[in-house]
Amino acid sequence: MNFRKFTADLKSNTRFLREFLAAQKGKNQMKRKTILSLVGASALIFLSWKSFANTYLEEVKVDNQFIQTYQSREGIWIVPGKVKESLEDLYHKFGTSEREVRLLNGIHDSGKIQNSEPVFFPYNANYTRNLLLEDKGREIFTSDARELVWPLSFKYSRVTSRLGRRWNALHAGVDIACPNGSVVIAAADGVVTDSKRDGGYGLRVVLSHPQINGIQTLYAHNSLLFVKQGDKVKKGQVLALSGNTGHTTGPHVHFEVRYQNVVLNPEHYLPPFLADKESQVAIAKETIQQ
């Protein structure tokens, strides 16, 4: 190949291309801008939709009677005086230590671990593994982070009273009948603002949810409270065991939603309550592979 001729042809073709593009520039400028605008807008819509579709959907592990959570640890709540095992036996059984239990429960070294108060005992990896092998893992559901979940399992429970007037007074929430000692869970991520006995509410817990417009949720008539003021909790985490404390006509959970102390309808923030046990289907269950 003649290198000089090749170079000359290349330069000639380059000049022609430049002149052609210059001539077409005016004609195509608006067309290119339109195409780019459309492409950009389409990409923005796609990315916005994708972000919207994926940002809020989350997987929620729902604590049960076998595996519970506190301070991001897996374990179990126990009232030491109500079981046969000694504290030392419990430490050995769950693969933990007195120091670890004191640290998680905020009990100072000089303080006594009370037999009459609930204590959280963390599991070691081997104990958790054995529970999963026995098919006692928690169920996993999908949930929108901006919405609440019901504070009780649908199984063995039913809504008996809703928001509205009842007995010539305002009934400020929903009542969910359930067996005594049912696991009561957090309806959303939040912070415990109060946890105590409160008149007609009996033993009740109040959570604040800054990520859901600052609303509060309330869980009343419990038999046992596990969390304390200032605790951070996750959606699906056990808060208490249901009961019959305060002014009640039977064991149930009274559930309220409030905003700046104004009563809201809880069912506006919740999926439909489906009483039969197959209505809410877990997408998965904890297994040994996880």
Side-chain angles (χ1 to χ4, degrees), residues 51-52 55-58 60 62-63 69-72 106 141-154 157-178 182-249 252-273:
S51 175
F52 175 80
T55 298
Y56 299 108
L57 200 61
E58 60 185 359
V60 178
V62 178
D63 285 358
T69 49
Y70 185 64
Q71 307 286 10
S72 301
F141 297 88
T142 55
S143 173
D144 191 310
R146 301 162 298 176
E147 296 179 351
L148 305 179
V149 296
W150 287 88
L152 284 164
S153 168
F154 291 164
S157 60
R158 59 192 176 91
V159 174
T160 55
S161 186
R162 290 182 157 85
L163 179 76
R165 294 198 66 79
R166 187 180 70 175
W167 304 325
N168 296 319
L170 174 66
H171 183 247
V174 294
D175 289 347
I176 311 163
C178 59
S182 297
V183 172
V184 180
I185 62 170
D189 294 356
V191 179
V192 180
T193 58
D194 215 354
S195 180
K196 65 181 183 182
R197 184 178 292 274
D198 182 19
Y201 283 123
L203 295 174
R204 61 108 174 97
V205 176
V206 180
L207 304 182
S208 66
H209 307 282
Q211 79 284 6
I212 311 180
N213 299 323
I215 65 171
Q216 291 186 318
T217 53
L218 180 147
Y219 314 73
H221 307 311
N222 301 291
S223 61
L224 202 58
L225 303 179
F226 294 143
V227 293
K228 62 182 183 298
Q229 187 176 15
D231 284 346
K232 293 181 179 180
V233 298
K234 300 292 290 181
K235 181 185 287 188
Q237 177 180 330
V238 62
L239 303 174
L241 296 183
S242 67
N244 196 23
T245 59
H247 299 159
T248 70
T249 57
H252 72 281
V253 171
H254 174 80
F255 180 65
E256 291 184 11
V257 175
R258 293 176 178 261
Y259 175 71
Q260 296 183 355
N261 210 34
V262 176
V263 173
L264 304 175
N265 188 342
E267 293 182 88
H268 290 169
Y269 292 85
L270 292 161
F273 190 93

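All figures in this text were calculated on a predicted structure; none of them were measured in a lab. Scope of the values below: all heavy atoms of this structure, side chains included, with no hydrogens, waters or symmetry mates.
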>> For I215, is there any backbone N or O sitting under 3.5 Å from a side-chain donor or acceptor partner on N213?
In response: no

> What are the two closest non-hydrogen atoms of L152 and I185, and how far apart are they?
Replying inline: N-CG1, 4.5 Å

> Under 4.5 Å between any side-chain heavy atoms of D175 and V159, yes or no?
Replying inline: no

> E147 side chain to L270 main-chain N or O, any donor-acceptor pair under 3.5 Å?
Replying inline: no

>> How close do E256 and G173 get, counting heavy atoms only, and between which atoms?
In response: CG-CA, 4.0 Å

> T217 and V206: side chain to side chain contact (heavy atoms under 4.5 Å, CB included), yes or no, with the steps?
Replying inline: CA-CA 6 Å; T217 53; V206 180; over 6 Å; no

> L239 and V233: side chain to side chain contact (heavy atoms under 4.5 Å, CB included), yes or no, with the steps?
Replying inline: CA-CA 8 Å; L239 303 174; V233 298; 4.0 Å; yes

>> Tell me the closest heavy-atom pair linking L224 and A240, and the distance in Å.
In response: O-CB, 3.0 Å

>> side chain to side chain contact (heavy atoms under 4.5 Å, CB included), that's the test. Do S182 and L241 meet it? Break it down for me.
In response: CA-CA 5 Å; S182 297; L241 296 183; over 6 Å; no

>> Are the side chains of S153 and V183 in contact, using a 4.5 Å heavy-atom criterion?
In response: no

>> Consider ring-ring contact (aromatic ring centres under 6.0 Å, His included). Of F255, W150, F226, Y201, which one does Y219 pass it with?
In response: F255

>> Quick test of your reading of the model: are R204 and D194 salt-bridged, counting only N-O distances below 4.0 Å?
In response: yes

> Should H209 and Q216 count as side-chain neighbours, where that means a heavy-atom distance under 4.5 Å?
Replying inline: no

>> Working note: I212 + R146, criterion side chain to side chain contact (heavy atoms under 4.5 Å, CB included); need CA distance, chi angles, decisive distance, verdict.
In response: CA-CA 6 Å; I212 311 180; R146 301 162 298 176; 5.5 Å; no

> Which heavy-atom pair separates L207 from A188 by the least distance, and what is that distance?
Replying inline: CD1-O, 4.4 Å

>> Within this structure, what is the OG1-CG distance for the pair T69 and D63, rounded to the nearest 0.5 Å?
In response: 3.5 Å

> Looking only at heavy atoms, which two atoms of R258 and L264 are closest? And how far apart?
Replying inline: C-CD1, 4.2 Å

> Does K232 NZ have over 12 foreign heavy atoms under 6.0 Å away?
Replying inline: no

>> When you compare the side chain of F141 with that of V62, does any pair of heavy atoms fall below 4.5 Å?
In response: yes

> What's the spacing between T160 OG1 and I176 CD1 if we round to 0.5 Å?
Replying inline: 8.5 Å

> Are side-chain heavy atoms of V192 and K228 found at a separation under 4.5 Å?
Replying inline: no

> Roughly how far, to the nearest 0.5 Å, is CD of Q237 from CG of D231?
Replying inline: 8.0 Å

> For S242 and V184, which heavy atoms make the closest approach, and how far apart are they?
Replying inline: N-CG2, 3.6 Å

>> If I take atom CG from residue N222 and atom NE2 from residue H252, how far apart are they, to the nearest 0.5 angstrom?
In response: 10.0 Å

> Measuring from H268:NE2 to L148:CG, what's the distance to the nearest 0.5 Å?
Replying inline: 12.5 Å

> Does a side-chain N-to-carboxylate-O contact under 4.0 Å join K235 and D189?
Replying inline: no

> From S195 OG over to L225 CG, what is the distance, rounded to the nearest 0.5 angstrom?
Replying inline: 4.0 Å

